[in-house]
> 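Take this structure first; my questions come after.
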2 protein chains.
Amino acid sequence: MVERLSHLDAVFGSLSDPTRRDILKRVSRKSMTVGEIATQYPLTFAAIAKHLNVLHRAKLISKERRGREQVVSIAPDTLLAASRYLETYQQLWEHRLDSLARFLKTTSTNSKGSR
Amino acid sequence: MVERLSHLDAVFGSLSDPTRRDILKRVSRKSMTVGEIATQYPLTFAAIAKHLNVLHRAKLISKERRGREQVVSIAPDTLLAASRYLETYQQLWEHRLDSLARFLKTTSTNSKGSR
DNA sequence: CTATTATTCAACCATATGGTTGAACGATTG
DNA sequence: CAATCGTTCAACCATATGGTTGAATAATAG
């Protein structure tokens, strides 16, 4: 099921860093080991490991040990939840705009161009 | 069109705080003054003003002076951009899952009636 | 002009974050 | 077992963040 809502802190916090978004992009195309990921950036191995921890705590990725390597994969459900969250806002303001449109329509037929 | 990509840092960073998400929720229903918003939280006026600044820099809200008050409204386009961004990830992994499904299908027809 | 209301700015504090280096751990290879 | 490869952990540093209080500004009311 969808996690407690405060989980969104971690999800959006993770997404606020460009390196982490880039890691997520790469991993969403193809699962990669921690080492493979680390070579793609001008940062230390440890820095990348930290970013992966952040993504893991937010449940945006999953890790699976394969021999001595650790394979990182994307965790689609969490992204879906975040996306759904933003959609609710869209619905809210779309509803508002609709209401405004209706309001303008009814008042313009009613009023004599006041204000 | 859609803002420079580093803008996403600010957008997701803004969304990572529960107070700011709540402000956004309230404002998405109805435009409010800074003062009205501030009374809704157990924080100082200044703290709320800071949160509004963060949201404003991320272009998630807009402010408009009305007399001595400042009216805060939601800025739908930015939310839409963030939502679209997450959707591209969904598409990426959906594509991956589709590919996997096709792969499994073709390999099973190749083999001798497995399953 | 003065007072009042609404908001912003500035200085400060505590904690979180993103980065580093170097040591430690876990699994495989010889 | 020892050596090695891949990864994690710990300590540390600089800067960012979220909060406070108190002073300063902006617009209206008297």
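The chains referred to below are lettered A, B, ... by the order of the sequence lines, with proteins before strands, and numbering in each begins at 1.
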> Could you tell me how far apart A:Ile61 (CD1) and D:dT7 (C1') are, to the nearest whole angstrom?
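The distance from CD1 of A:Ile61 to C1' of D:dT7 comes to 13 Å, rounded to the nearest Å.
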> To check you understand the geometry: which heavy-atom pair defines the closest contact between A:Lys30 and A:Met32, and what is its length?
O-CG, 3.3 Å
> Which whole-number value in Å describes the distance from B:Arg57 CZ to D:dT17 C1'?
10 Å
> Let me know the distance between CE of B:Met32 and P of C:dT7, rounded to the nearest Å.
11 Å
> May I ask you to say whether A:Asp77 pairs ionically with A:Lys59, meaning some side-chain N is under 4.0 Å from a carboxylate O?
no
> When the distance from CD of B:Glu64 to C1' of C:dA6 is rounded to whole Å, what number comes out?
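Result: 16 Å.
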> With a 4.5 Å limit on heavy-atom distance, are the side chains of B:Val71 and B:Ser31 in contact?
yes
> What distance do B:Asp9 atom CG and B:Ser14 atom OG have between them, rounded to the nearest 0.5 Å?
10.5 Å
> Any residue in residues 40-52 of chain B with a heavy atom nearer than 4.0 angstrom to DNA chain D? Just list them by number, or reply none.
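Going residue by residue through residues 40-52 of chain B, the ones with a heavy atom under 4.0 Å of DNA chain D turn out to be B:Leu43, B:Thr44, B:Ala46, B:Ala47, B:Lys50, B:His51.
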> Drop me the distance from B:Ile61's CD1 to B:Asn53's CG, to the nearest 0.5 angstrom.
8.0 Å
> Under the 6.0 Å and 45° cation-pi test, does A:Arg26 pair with A:Tyr41?
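Yes, a cation-pi geometry holds between A:Arg26 and A:Tyr41.
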> Where each residue is assigned the nucleotide of DNA chain D containing its nearest heavy atom, which of A:Val34 and B:Thr19 is assigned the position nearer the 5′ end?
A:Val34
> Rounding to a whole Å, what distance do you find between A:Lys63:NZ and D:dC9:P?
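Result: 8 Å.
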> Return the value, rounded to whole Å, for the distance between atom CG of A:Leu55 and atom P of D:dT7.
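Interatomic distance, CG of A:Leu55 to P of D:dT7: 16 Å.
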> Taking only N and O in the side chain of A:Arg66, is any of them less than 4.0 Å away from OP1 or OP2 of C:dA27?
no
> Between C1' on C:dT28 and CZ on A:Arg68, what's the gap in Å once rounded to a whole number?
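Going from CZ in A:Arg68 over to C1' in C:dT28 covers 4 Å.
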> In this structure, how many angstroms lie between the P atom of C:dA27 and the CD atom of A:Glu69, rounded?
14 Å
> Could you check A:Asp17 against A:Arg65 and say which one's nearest nucleotide on DNA chain C is further toward the 5' end?
A:Asp17
> Looking only at heavy atoms, which two atoms of A:Leu60 and A:Leu24 are closest? And how far apart?
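Closest heavy-atom pair between A:Leu60 and A:Leu24: O-CD1, 4.0 Å.
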